[in-house]
Amino acid sequence: MYRFLLTPRWWGINLFVVLAIPFCVFMGTWQLGRFEDRVQTHEAADKQPAPGTRAAEPLDDLLPVDTVTSGRPATATGRYADQFLVPGRKLDDRDGFYVVGMLRTDSGKALPVVRGWLPGKAGHTSVPPAPTGNVTVTGDLQASENSGTAGVDAKGGLPDGQVGMISAASLVNLVPYDVYDAWVTLQQTDARSGGTSSAETTDSAEATDSADRTDAAAGAAKGAAALRPVPAAAAQGTGLDLKAFQNLGYLCEWFVFAAFVLFMWFRLVRREAEAVRDVRLGLVTATDAPPSPGTATETATGTATGTTPAPASAPATDKAPDTPTGP
């Protein structure tokens with residue numbers, strides 16, 4: 001009854017099923033592994049001590065930034081050079097912008113330092129000046145932003161002095177020096193000094209020389225709002241975000257596909273077997289049998305009768321008998 005499975009077309013169907021089911025199972029297992037990796041990374045991140053409880057380390061010792069070093073307190077020493085504003089950033093559901101200072105280190109490279117957040121519109125709000133002279137900053141280390149980071153404006157077309165994302169790729173085109181592929185966010189802000197951070201300490205040798213300039217800058221910044229610290233964000237791929245649950249959804253889809261392929265194969269086989277049985281029992285003729293994959297109906301007919309269908313006879317034509325004609 002199941003000899004139709006050996007027909008050429010059914011060989012193609014069987015091959016498709018044999019290849020499709022393992023492929024779906026493999027892809028579902030891979031998605032499950034991705035979901036489990038995200039869960040484990042999330043649990044490991046939760047077990048890490050709070051940033052404020054960890055000792056600060058030199059910046060170079062924490063590079064490159066990964067899921068382990070992201071959020072760790074880092075220290076760097078240098079002079080503030082250029083300053084940029086990063087518009088379109090929210091804090092506590094309020095619109096505002098980041099204030100980023102480029103800290104030139106002794107190596108010549110600059111470290112982007114998020115000095116804080118201000119409410120309002122970038123370019124229309126007074127910004128406290130950065131400290132002068134050599135300063136040592138301590139902030140939570142963060143990886144460079146990309147187009148997928150929340151709040152990033154990748155469209156471009158911003159005014160001078162503003163950037164859409166904090167990354168070495170975007171900043172290196174705006175300054176004449178190299179930029180670290182990382183940035184830090186200061187977690188302590190002193191509003192009394194016009195927004196300078198208490199994590200920014202000035203060398204005592206230069207403190208006296210820059211006293212007048214600092215007083216002048218503080219006087220000019222009296223009308224400026226105090227900078228608010230920007231909390232460090234969790235490293236990408238370490239939380240149970242939407243992508244983690246997408247992996248879980250794809251896992252279910254792949255196993256559903258595998259079950260559907262197997263279900264359809266059994267249904268087609270059952271339908272074909274029923275057609276063969278009906279022809280064998282004489283319930284239907286070969287021409288009345290429903291169409292199905294392969295040539296199962298013709299095979300079943302030959303098997304049941306032991307003969308091959310006779311060719312159709314040529315249609316008879318009426319012809320009058322020849323009769324002799326009289327004189």
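Index from 1, following the sequence.
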How many angstroms lie between [atom1] in [X] and [atom2] in [Y], if you round to the nearest 0.5 Å?
X: E274; Y: R271; atom1: CD; atom2: CZ; answer: 9.5 Å
X: D153; Y: E145; atom1: CG; atom2: CD; answer: 11.0 Å
X: S107; Y: Y177; atom1: OG; atom2: OH; answer: 12.5 Å
X: T69; Y: L141; atom1: OG1; atom2: CG; answer: 5.5 Å
X: R34; Y: T29; atom1: CZ; atom2: OG1; answer: 14.5 Å
X: L32; Y: M27; atom1: CG; atom2: CE; answer: 12.5 Å

Can [Y] be reached from [X] by stepping across I, L, V, M, F, W or Y side chains whose heavy atoms are under 4.5 Å apart?
X: V230; Y: M165; answer: no
X: I166; Y: V137; answer: no
X: F35; Y: L251; answer: yes
X: V184; Y: V163; answer: no
X: V65; Y: L59; answer: yes

query: More than 12 non-hydrogen atoms from neighbouring residues, nucleotides or ligands closer than 6.0 Å to CG on D61, yes or no?
result: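 It does: D61 CG has more than 12 such atoms within range.
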query: Hey, is CZ on F255 packed in by over 12 heavy atoms from elsewhere, all under 6.0 Å?
result: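 Yes, because the 6.0 Å sphere around CZ of F255 holds more than 12 heavy atoms from other groups.
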Tell me the closest heavy-atom pair linking [X] and [Y], and the distance in Å.
X: T125; Y: G120; result: OG1-CA, 3.9 Å
X: L227; Y: P128; result: CG-CG, 4.1 Å
X: A168; Y: V179; result: CB-O, 3.9 Å
X: V86; Y: G164; result: CG1-O, 4.1 Å
X: P22; Y: V17; result: CD-O, 4.2 Å
X: A76; Y: L111; result: CB-CD2, 3.8 Å

field: Trace of the side-chain contact (heavy atoms from CB on, under 4.5 Å) decision for R270 with F266
entry: CA-CA 6 Å; R270 181 179 178 182; F266 275 110; over 6 Å; no
task: Show your reasoning for whether side-chain contact (heavy atoms from CB on, under 4.5 Å) applies to L103 and V135.
output: CA-CA 9 Å; L103 185 71; V135 295; 3.7 Å; yes
Any side-chain heavy-atom pair from [X] and [Y] closer than 4.5 angstrom?
X: P87; Y: K121; value: no
X: W10; Y: V269; value: yes
X: V114; Y: W183; value: yes
X: N146; Y: V152; value: no
X: T105; Y: Y180; value: yes

field: Row check, Y80 ring normal vs R104 NZ/CZ: under 6.0 Å, within 45°
entry: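 Relative to the ring axis of Y80, which defines the angle, R104 lies outside at least one limit.
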Okay, side chain of [X], backbone of [Y]: is any donor-acceptor separation there less than 3.5 Å?
X: Q162; Y: F84; value: no
X: S167; Y: S144; value: no
X: E57; Y: A74; value: no
X: W265; Y: N14; value: no
X: R89; Y: W117; value: no
X: R115; Y: P129; value: yes

- prompt: When you look at F97 and V127, which way does the side-chain contact (heavy atoms from CB on, under 4.5 Å) test go after all the steps?
  reply: CA-CA 10 Å; F97 58 94; V127 178; 4.0 Å; yes
message: Any donor-acceptor pair under 3.5 Å linking the side-chain atoms of T136 with those of T77?
response: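 Side-chain D/A pair, T77 to T136: present.
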task: Would you tell me whether R79 and N134 have side-chain atoms, one donor and one acceptor, within less than 3.5 Å of each other?
output: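 Judged by distance alone, the side chains do pair up.
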task: Could you check whether the rings of F257 and W254 sit parallel, tilted or perpendicular, using 30° and 60° as the cut-offs?
output: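 Geometry flag for W254 against F257: perpendicular rings.
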query: Hey, mind stepping through L262 and I21 against side-chain contact (heavy atoms from CB on, under 4.5 Å) and telling me if it holds?
result: CA-CA 8 Å; L262 191 60; I21 292 178; 3.8 Å; yes
query: Are the charged groups of R228 and D92 less than 4.0 angstrom apart, N to O?
result: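 Salt bridge present between R228 and D92.
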